[in-house]
Amino acid sequence: MATFVGTTPGGTTPAGMTSAGTTPESEKDAEFQEHEKILSPDFLSVAQITEILAEDVDGVQQKLEKFLNFKNLQTCLKEASLLDYYVSGFLWAKGMDFSVIQYSKFMTLLDMLLHNLRTLHMSLEDSIKWLGEVMAEIGPSHKNEKWNIFDVKQANAIVDYLKISLFQHYKLYEFLFFSAREEIVIGTEQLIEVVNPADHPFPDPLEEGISFDVYSTFIEPPPPLDMEIKGLNQEQGPEESQPEADTSETDLLVGFTIEEIKSVLDQVTDDILISIQTEINEKLQIQEEAFNARIEKLKKA
């Protein structure tokens with residue numbers, strides 16, 4: 001770059017200054033500041049990353065849910081999808097054994113890609129170009145090796161991961177951010193019948209419902225008069241049951257001999273059989289007369 005001699009507020013421009021009036025040191029400082037602006041500010045702080053690294057899979061999800069301040073994961077598809085995006089990215093980076101600085105830049109890269117899509121409406125082609133420019137600054141192709149955050153293998157792995165995670169589903173993320181979704185409220189009306197007070201008549205409980213003891217005790221207790229009658233019956237029950245038991249225990253056949261009992265049974269049996277036989281004979285005679293009448297008709301024909 002050509003140098004020139006000019007005037008400055010302090011006098012003559014010293015030799016070695018560029019045409020813009022800057023020294024090589026100031027150019028390096030400006031370049032360093034520009035490099036620091038890449039993927040800044042950090043999506044997660046060093047303290048947050050260190051805290052998440054100590055957790056398991058469920059703990060990572062809970063920590064990111066807390067840091068991102070997601071409150072409606074169970075009902076909001078957008079929050080659930082974004083949380084899955086960040087958790088999957090962090091767990092993938094954990095498998096790559098990144099350093100804390102690499103974690104920070106990678107998570108910021110994931111967030112910036114979504115930021116470009118959400119706020120700048122960046123297309124898929126523009127996002128891929130932007131990713132190439134960023135990886136050129138933080139990847140192994142940068143001319144200053146001190147600023148290389150990722151090596152060649154890590155940079156290629158990051159690009160491959162973004163292909164299958166974000167770029168492959170880019171249309172879905174566009175739909176997530178730009179397509180309005182109707183809030184469908186699903187509800188059902190149920191009619192609940194409340195049991196009337198105990199002083200009003202109410203139907204008996206169903207067999208598959210509560211037991212009758214619970215029903216009669218707490219829901220529909222019997223009137224006091226019935227209770228008193230039952231109490232009297234319980235008190236008098238044993239005394240009244242004794243005569244009945246005595247009568248049931250007495251034998252009705254006492255005083256008859258076996259021969260007398262047999263003769264009575266034979267007589268009853270004969271009477272029954274004779275009546276049955278007489279009835280059968282009458283029916284047979286009627287059928288015989290009917291058949292004879294038919295036979296006579298057939299002979300005459």
Do you know which of I158, N156, L109 makes side chain to side chain contact (heavy atoms under 4.5 Å, CB included) with F150?
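For F150, the side chain to side chain contact (heavy atoms under 4.5 Å, CB included) test succeeds with only one of I158, N156, L109, which is I158.
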
Between the side chains of K262 and E259, is the shortest nitrogen-to-carboxylate-oxygen separation below 4.0 Å, so that they form an ion pair?
no

Return yes if some donor-acceptor pair links the side-chain N/O of Y161 with the main-chain N/O of G89 below 3.5 Å, else return no.
yes

Side chain of S179, backbone of L176: donor and acceptor closer than 3.5 Å?
no

Contact check, side chains of [X] and [Y], non-hydrogen atoms, under 4.5 Å:
| X | Y | value |
| --- | --- | --- |
| M135 | L131 | yes |
| N281 | Q277 | yes |
| N116 | D126 | no |
| K105 | D42 | yes |
| L64 | V60 | yes |
| L68 | L82 | no |
| F106 | M96 | no |
| S104 | V46 | no |

Which value, rounded to the nearest 0.5 Å, describes the distance between [X] atom [atom1] and [Y] atom [atom2]?
| X | Y | atom1 | atom2 | value |
| --- | --- | --- | --- | --- |
| F167 | E125 | CZ | CD | 10.5 Å |
| L117 | L113 | CG | CG | 9.0 Å |
| K300 | E296 | NZ | CD | 6.5 Å |
| Q154 | F98 | CD | CZ | 5.0 Å |
| L166 | S88 | CG | OG | 12.0 Å |
| F43 | Q48 | CZ | CD | 8.5 Å |

Quick one: do the [X] and [Y] side chains pair a donor with an acceptor below 3.5 Å?
| X | Y | answer |
| --- | --- | --- |
| S165 | Y85 | no |
| Q62 | E55 | no |
| T108 | D111 | no |

So, for [X] and [Y], which heavy atoms are closest and what is the spacing to 0.1 Å?
| X | Y | answer |
| --- | --- | --- |
| E51 | F67 | OE1-CZ, 3.8 Å |
| E260 | S263 | O-OG, 2.7 Å |
| M112 | W130 | CB-CH2, 3.5 Å |
| D97 | Q102 | O-OE1, 4.5 Å |
| L114 | F177 | CD2-CE1, 4.0 Å |

When you look at [atom1] of [X], are more than 12 heavy atoms from neighbouring residues, nucleotides or ligands closer to it than 6.0 Å?
| X | atom1 | value |
| --- | --- | --- |
| F178 | CZ | yes |
| L73 | CG | yes |
| K66 | NZ | no |

